[in-house]
Structures are given as C-alpha cells and as structure tokens.
Protein chains: 2
Amino acid sequence: MNTPQTMHRSLCPLSTALDLIGDKWSLLIVRDMCMNKSKYCDFQNSPEAIPTNILASRLRKLESNGIIVKHPYQTKPIRHEYYLTAKGAALLPVIQQLAIWAHQHMPDSLPPPEAFLSAKPEDLIRKRDNQSSV
Amino acid sequence: MNTPQTMHRSLCPLSTALDLIGDKWSLLIVRDMCMNKSKYCDFQNSPEAIPTNILASRLRKLESNGIIVKHPYQTKPIRHEYYLTAKGAALLPVIQQLAIWAHQHMPDSLPPPEAFLSAKPEDLIRKRDNQSSV
DNA sequence: GTTATTACTTGCAAAATACAAGTGACTGTG
DNA sequence: CACAGTCACTTGTATTTTGCAAGTAATAAC
C-alpha cells in the first residue's frame with residue numbers, strides 16, 4: 001500500500017513531483033536501483049557518499065510513497081533488498097534526460113553509460129518481487 | 001560569461017545536475033520561464049509562493065551558472081527581465097518528463113498543459129536577448 | 001568470549017529554508 | 001512638495017533539513 005502524500009505547494013504536476021523527489025539525494029538512489037543495485041551498502045558505496053541517516057530516511061520516504069518496495073532476502077539478521085516499483089521505474093526517462101542535459105551542458109560531468117541511455121522502464125521492474133507484495 | 005561551478009559530489013552526470021538544480025525551487029523558476037514569465041513578480045505570483053529571499057538567491061545561482069540571463073527592460077529604477085539561455089531551455093525535456101510522471105503517478109496533480117508538452121527548447125530562446133549579451 | 005560486519009539510530013553542529021520586516025528607488029496623488 | 005504605494009530586493013531570525021561522528025542490535029567468524 002502507498003500514497004500517504006504530504007502537503008503539496010500547488011497542484012502543478014512539476015511542483016508535486018518536486019515535493020516528493022526534489023532534493024539532492026532521492027534520484028541518486030533511484031539511479032542506483034536502475035543500475036541493478038538493491039542493497040543498503042550498494043547505495044552507501046556510490047561515489048557521492050550519502051550520509052547513512054539520509055539514506056535511511058530517503059528509503060523510508062521513497063517506500064512510503066510507492067516508488068520502491070523492500071523485501072527480505074535473509075532473516076537471520078533481517079535484511080532487505082530494495083526495488084523500484086512501476087511508479088519508480090517510470091522515473092527513468094526523467095533521469096535519462098537529466099543525465100543527457102548534464103553531459104551536454106555541464107563541462108566536467110562524464111557521459112552517461114550507453115546501457116543506461118538505452119534502458120526502458122519495464123526492464124527495471126522485477127515482476128516476481130512486485131507481485132509478491134500483493 | 002558563466003561556469004563558476006561549485007564542488008561536485010561525483011562526476012556522474014545525474015549527480016552534477018542535481019548539485020545545480022536538485023532542490024525544490026530551481027526547476028519551478030525554469031518552468032515559469034518556459035511559460036513566458038520573465039519578471040521577478042511573475043515568479044513571486046506563481047501558486048507555490050516562493051519566499052522572496054529564496055527567489056533572489058536562485059536567480060543569482062541560475063544566472064551565475066549560465067541557465068538564465070537577465071537584461072534590463074527599464075532604467076528609471078533599474079529592472080530586469082530574466083530569460084532562459086540555450087542551456088536553460090535544454091532543461092525543457094527534463095521538466096516535461098517530470099510533469100508527465102507526476103500526472104501519471106501522483107493522484108492529485110493536474111495534467112500538464114498541452115502547449116507545455118508540445119513545446120521545444122528552441123522555441124524558448126529569445127535570440128535577440130541572448131545575442132545582446134555578447 | 002572477542003572482534004568484525006551490516007544496517008541502521010541518535011546526538012549535535014552546520015547549513016538551508018521560511019517568514020516577517022525592512023530598504024532604496026522610484027511613481028502617483030493631492 | 002509631502003506622503004502613501006509599488007517593486008525588487010536585503011536583512012534578521014526562527015525553524016527545518018542536512019551532515020558528520022558515534023553508538024547500537026543482531027549476527028557471523030574465530
């Protein structure tokens with residue numbers, strides 16, 4: 001279940017989107033998931049070095065807003081993997097456009113990987129995992 | 001002249017883009033400019049009600065990073081209009097994708113205007129104004 | 001038992017944001 | 001001319017968010 005949705009500044013779609021993911025970290029976590037990263041330590045090990053408290057709070061926020069789901073992959077100490085939902089995977093075009101823009105207009109950024117540019121949202125969804133949450 | 005560029009968290013294009021425009025307000029200002037708004041009070045009157053000090057600091061930041069240019073439209077009390085540069089106009093696809101995403105996945109957001117979805121970056125650049133800054 | 005690892009939480013300082021109240025340069029009215 | 005009003009800001013300060021370091025619970029390895 002999802003859609004808790006905080007207060008929105010307006011009903012403009014851009015504004016509501018930014019209310020949710022308009023910060024410096026959320027889309028980087030989504031990016032990592034697009035690159036098949038799924039574990040807490042994967043996100044921590046990304047080159048941007050997200051602070052661990054920010055990571056935990058962003059994962060909570062993204063999950064409570066239906067952008068990602070978590071499901072356990074071991075129980076001894078309970079550990080979760082995090083995956084994009086259809087809603088989360090649908091952010092891929094946004095991220096792709098942002099990466100293209102940066103590559104073309106920000107001199108010191110690297111080119112986006114080919115595989116990333118040619119990816120499609122539906123490729124990012126793990127059907128089994130999403131269905132398991134019904 | 002532009003490109004002062006603050007420190008980047010990494011060279012990932014997405015990360016560098018978010019270093020610059022990864023906040024709740026910057027893209028709303030760009031959106032307003034895409035809708036042919038150009039004056040300080042236009043931005044202030046948008047429904048999200050940006051605080052005036054934030055607006056002023058964002059305009060400075062966007063200008064110093066080459067996303068917008070300002071040029072005077074009167075001199076009695078000096079007043080400026082703000083326009084997108086080619087670099088700023090190239091953010092249109094990003095904003096369009098974000099708006100599409102929100103419309104499809106955030107229940108209480110309005111549909112993006114048709115004119116906005118069919119716009120192209122080159123339509124947003126005022127050739128005369130950009131050339132005048134040479 | 002001791003040490004190490006992972007996925008967090010907690011505490012606190014630093015930075016960003018929000019809100020209210022100025023300020024300077026005018027314009028319009030009487 | 002005095003005086004209220006507008007516009008594009010700046011300044012001050014409270015509140016919120018972020019960043020960094022350290023701590024903790026659960027377990028594995030030795």
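This structure is a prediction, so every number in the text was calculated from the model and none was measured. The sequence lines fix the lettering, A, B, ..., with proteins before strands; numbering per chain opens at 1.
Between A/Arg60 and C/dT9 there is a side-chain polar atom (N or O) within less than 4.0 angstrom of OP1 or OP2. For the pair B/Tyr73 and D/dA8, the criterion of a side-chain N or O lying under 4.0 Å from OP1 or OP2 is met. In this model, the phosphate group of C/dA18 is approached by a side-chain N or O of B/Lys24 to a distance below 4.0 Å at OP1 or OP2. Put simply, B/Trp25 has no side-chain N or O that comes within less than 4.0 Å of OP1 or OP2 on C/dA16.
Between the NE2 atom of B/His80 and the C1' atom of D/dC7 there is a distance of 13 Å, rounded to whole Å. At whole-Å resolution of the value, CG in A/Leu28 and P in D/dT18 are 13 Å apart. Rounded to an integer number of Å, the gap from CE of A/Met7 to P of C/dA18 is 15 Å. What separates CD of A/Glu81 from P of C/dC8 is a distance of 12 Å, to the nearest Å. Put simply, NZ on B/Lys70 is 19 Å from P on D/dC7, counting in whole angstrom units. Taking atom CG on B/Asp19 and atom P on D/dG19, their separation rounds to 11 Å, with Å as the unit. Rounded to whole Å, the distance from CG on B/Leu55 to P on D/dC7 is 14 Å. In this structure, the CD1 atom of B/Ile54 is 14 Å from the C1' atom of C/dA20, given to the nearest Å.
Applying a 4.0 Å cut-off to non-hydrogen atoms, the residues of residues 34-50 of chain A that approach DNA chain C are A/Tyr40, A/Cys41, listed by residue number.
Residues A/Thr85 and A/Ile125 fail the side-chain proximity criterion, which asks for heavy atoms closer than 4.5 Å.
Taking the side chain to side chain contact (heavy atoms under 4.5 Å, CB included) definition, one finds that B/Arg79 meets it with B/Tyr73, B/Gln74, B/Pro77, sequence neighbours left out. With sequence neighbours excluded, no residue satisfies side chain to side chain donor-acceptor pair (under 3.5 Å) with A/Lys70. A/Lys120 meets the side chain to side chain contact (heavy atoms under 4.5 Å, CB included) test with A/Glu122, A/Asp123; sequence neighbours excluded. Here A/Ser38 pairs with A/Glu81 under the side chain to side chain donor-acceptor pair (under 3.5 Å) rule; sequence neighbours left out. With sequence neighbours left out, B/Gln44 forms a side chain to side chain contact (heavy atoms under 4.5 Å, CB included) with B/Tyr40, B/Thr52, B/Leu55. A/Pro47 meets the side chain to side chain contact (heavy atoms under 4.5 Å, CB included) test with B/Ser10; sequence neighbours excluded.
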Could you go through nucleotides 14-16 of chain D and list every protein N or O atom that sits under 3.5 Å from one of its N or O atoms, giving the distance for each pair?
none

Set out, line by line, the N/O atom pairs under 3.5 Å between protein and nucleotides 21-28 of chain D.
from: D/dT27; atom 1: OP1; to: A/Lys76; atom 2: O; distance (Å): 2.2

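Heavy-atom nearest nucleotides on DNA chain D were determined for B/Leu59 and for A/Ser57, and the one closer to the 5' end corresponds to B/Leu59.
Distance alone, capped at 3.5 Å, places no donor-acceptor pair between the B/Ser109 side chain and the A/Cys12 backbone. Judged by distance alone, the side chain of A/Asp32 and the main-chain N or O of A/Ile29 form no donor-acceptor pair under 3.5 Å.
Clustering of Ile, Leu, Val, Met, Phe, Trp and Tyr side chains at separations under 4.5 Å places A/Leu110 together with B/Leu11.
Within the structure, salt bridge (charged side-chain N to carboxylate O under 4.0 Å, His left out) contacts touching residues 21-30 of chain B (residues at least two apart or in different chains) are B/Asp23-B/Arg58.
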Counting only pairs under 3.5 Å, give me each side-chain donor-acceptor contact of residues 91-99 of chain B, with atom names and distances, residues two or more places apart or in other chains.
from: B/Gln96; atom 1: NE2; to: B/Phe116; atom 2: O; distance (Å): 2.9
from: B/Gln96; atom 1: NE2; to: B/Leu117; atom 2: O; distance (Å): 3.2
from: B/Gln96; atom 1: NE2; to: B/Ala119; atom 2: O; distance (Å): 3.1

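Here the side chain of A/Ala56 is nearest to one of C/dT9, D/dC9, D/dA8, namely C/dT9.
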